[in-house]
Every structure is written in C-alpha cells, then in structure tokens.
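Every chain is numbered from 1, with letters handed out A, B, ... down the list of sequences.
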2 protein chains.
Amino acid sequence: MNYSRQRESIKEYLMSTKEHPTADIIYQNVKMEYPKISLGTVYRNLTLLVEVGEVKKISTGDGTEHYDADTSAHSHYYCRCCHRLMDLEVTPSVDQILAASSAGIGTVESANLLFTGVCKDCIREQNK
Amino acid sequence: MNYSRQRESIKEYLMSTKEHPTADIIYQNVKMEYPKISLGTVYRNLTLLVEVGEVKKISTGDGTEHYDADTSAHSHYYCRCCHRLMDLEVTPSVDQILAASSAGIGTVESANLLFTGVCKDCIREQNK
DNA sequence: TTTAAAAATAGTAATTATTACTATTTTGCT
DNA sequence: AGCAAAATAGTAATAATTACTATTTTTAAA
C-alpha cells in the first residue's frame, strides 16, 4: 500500500470526529481539502483502512455504513430517531450495560452483539 | 394491520429456518407457495414485522440485511468467509463470550455490541 | 350475503449506496 | 530523471431497497 494524500485526509477527518460518519459525509468533508476527490476514492480507501484494521465499519441497519477511526474496544448506541451513533465506553456484562445505558443515554429497545470471524468450516476448507 | 396470506407465509418461512435469510432469499422461498408474490411485498412485510417486534433485522455489514423470527435475547456470530450468520445462546460478560466463542465456533476478529433506542435529546424534542 | 372502505398486493419504475472500469496522475525506487 | 506499481478522478454499472399505481383482498357492518 502506497502513501496517498487523499487517504491521509480521510484518516485525519475520521480521527478528528466523534460522529461515526458515513462514506458520503466523509466525502463531503474531505472535499473541502481536496475538491477533486471522488466518492469512489473515499469508498476504496475506507475498505482498505478497514482491511488493515485502522478503521472500523459499523452497521446500524439504517441503510448506510458508518465509520470510526477509534479502534479501541468500545460499544455504540444508535438512536433510531435522530440516527446518531454514539460511543459507549463499556465492556462488562450485557446486563450491566443494559442497566447503565438505559439510565444514561436514552431508552434501550435492543442490544445486539455481533461477533465476526472465520468459522470452523471455513478454516477447514482453507487448510485443504 | 389486516391479515394477509403472504405475510403469514413470510413469517412461517422465517420461523422454520435458522438461517437468518435476506429479503431476497425469503422471496425465493415464499415464491414456492405464492408464485406471484413480489419482492416489494416481502420488503414491506418485513419492515412491518420488524416494527411490530415479531421479527428482528440483523445488520452484518455484508451489503444486505438479515432477518430472524427468533426474537429472544441472543447474539450472533457472522463468518466473513462463508457469510453465514449463526446463533449464539449467550448473554454473560463480553469477556466470557469472547473466550467461549473463540474456543467453539471459529476465530473472533471482532465483537460488536450495538444498542438501539431513542436518545434523551430526541425524547426531549418529542415532549415539546 | 352483499357492499363499501381500508389495507394489501403485483408489477413496474425510481432511488440510493456501493462497486467496477479506464485513462491519467502520483508514488517509490533505482 | 525514468520506470513500474499503485492510486486517482470521473463515469458507468450493479445491487438493495423504496415508491407508485391500478387491481385484488380483507374486514366489518348493513
């Protein structure tokens, strides 16, 4: 992977915000510095950065993906009303998280935990 | 909400499978019973069923949504290789889940917990 | 059991997010 | 400087989802 100003700018913007922006929002912001940047470049670099582990992709089910340069272990709270995605600095038991967050940030209508990895079947396939 | 055979069939199919199918897979299956059903009908009813709480929508970030008629509190494991979404009957501490699932199902590359609800700001707005 | 309004449907068109393609430019190396 | 690999802008294509409309189904009341 070679250096690119555009990719740096994307990373910089992502690190400067706590908003968990979508590709399009990132595009609009990076365009201020690089008016000729194309949306495809934003998507390609986001995919790259996620692959390399420098950025996390967060799926809320609202129709578009959100991105976060904070790769530390933390959870998120999504408001289905204003569509904001917020940080939650928690890792303890789900019950505790539920109690804590329902007291703090808003109502909790669902708490979903999703693990991603490569399953045993696929590992077996790969070792053939 | 009025009764509809198509909606019943969608629910029936969803309850019969552990596969967490996408709208399109559901469409293909319900089409066996109702060959004239349209994809729009599937989408509309899935949205309705999710709103009413009879079905859960699960976002893996793989480009399409998955649906689950099992609304009990459980987590999921997504394999980024074969794109299968599997059930995990867990609710204890995230650390325990991590340990348990990494031993069992496959590698765990990420564990993401997402809460959804209505945030305090929105509740405040609504009470005006 | 007819009937009329409300809700749902099939089929199609439109929209939106994302990916693919290509000719040109930038980067890293020697 | 000069060359290959990687990246880009711009555009076209794809895939998932939503919107629209004329017709059919459902529901409940006459």
Query raised in the report: Whole-Å distance between C:dT18 P and B:E65 CD?
Result: 11 Å
Query raised in the report: Starting at OH of B:Y27 and ending at C1' of D:dT18, how long is that distance when rounded to a whole Å?
Result: 16 Å
Taking only N/O atoms, report every protein-nucleotides 19-23 of chain C pair under 3.5 Å with atom names and distance.
none

Query - Interatomic distance, B:K36 NZ vs D:dT23 C1' [rounded to whole Å] - result: 11 Å
Requested in this report: Begin from the C-alpha positions of B:E65 and B:S59 and carry the test side-chain hydrogen bond (donor to acceptor under 3.5 Å, both in side chains) through to its verdict.
Outcome: CA-CA 5 Å; B:E65 303 291 337; B:S59 305; 2.6 Å; yes
Query - A:Y34 or B:N2, whichever maps to the more 5' nucleotide of DNA chain D - result: A:Y34
Query raised in the report: Does a nitrogen or oxygen in the side chain of B:Q6 sit under 4.0 Å from OP1 or OP2 of D:dT25?
Result: no
Query raised in the report: Is there a donor-acceptor pair under 3.5 Å between the side chain of A:D121 and the backbone N or O of A:I123?
Result: no
**Report entry** Ring geometry between B:H83 and B:Y78 (parallel below 30°, tilted from 30 to 60°, perpendicular above 60°)
**Finding:** tilted
**Report entry** A:E8 CD - D:dA6 C1' separation (whole Å)
**Finding:** 15 Å
Report task. Looking at every strand, decide which applies to A:N45 at a 4.0 Å heavy-atom threshold: base, sugar-phosphate, or nothing. Result -> sugar-phosphate
Query raised in the report: For B:M1 and B:P35, take the nucleotide of DNA chain C holding the closest heavy atom to each; which residue's nucleotide lies nearer the 5' end?
Result: B:M1
Query - Of the listed nucleotides D:dA9, D:dT27, C:dG11, the one nearest the side chain of A:I37 - result: D:dA9
Report summary line: Here the distance between atom P of C:dT9 and atom CG of B:L46, to the nearest Å, is 11 Å
Query raised in the report: Within a strict 4.5 Å, meaning less than it, do heavy atoms of the A:I10 and A:I26 side chains meet?
Result: yes
Query - Contact under 4.0 Å: B:T64 side-chain N or O vs D:dA16 OP1/OP2 - result: no
Query raised in the report: From the list D:dT8, D:dT25, C:dA8, which nucleotide is the closest neighbour of the side chain of B:S4?
Result: C:dA8
Requested in this report: Could you check how far CZ of B:R5 sits from P of D:dT25, rounded to whole Å?
Outcome: 7 Å
**Report entry** Rounded distance (Å) that lies between atom C1' of C:dA7 and atom CZ of B:R7
**Finding:** 9 Å
Requested in this report: Look at the aromatic rings of B:H20 and B:H76 and report parallel, tilted or perpendicular, splitting at 30° and 60°.
Outcome: perpendicular
Report task. Measure from the side-chain N and O atoms of B:T47 to the backbone N and O of B:Y43, and report whether any donor-acceptor pair falls under 3.5 Å. Result -> yes
**Report entry** Pair A:K11 + A:E8: basic N to acidic O under 4.0 Å
**Finding:** yes
Report task. Would you mind reading off the distance between B:D62 atom CG and D:dT14 atom C1', rounded to a whole angstrom? Result -> 16 Å
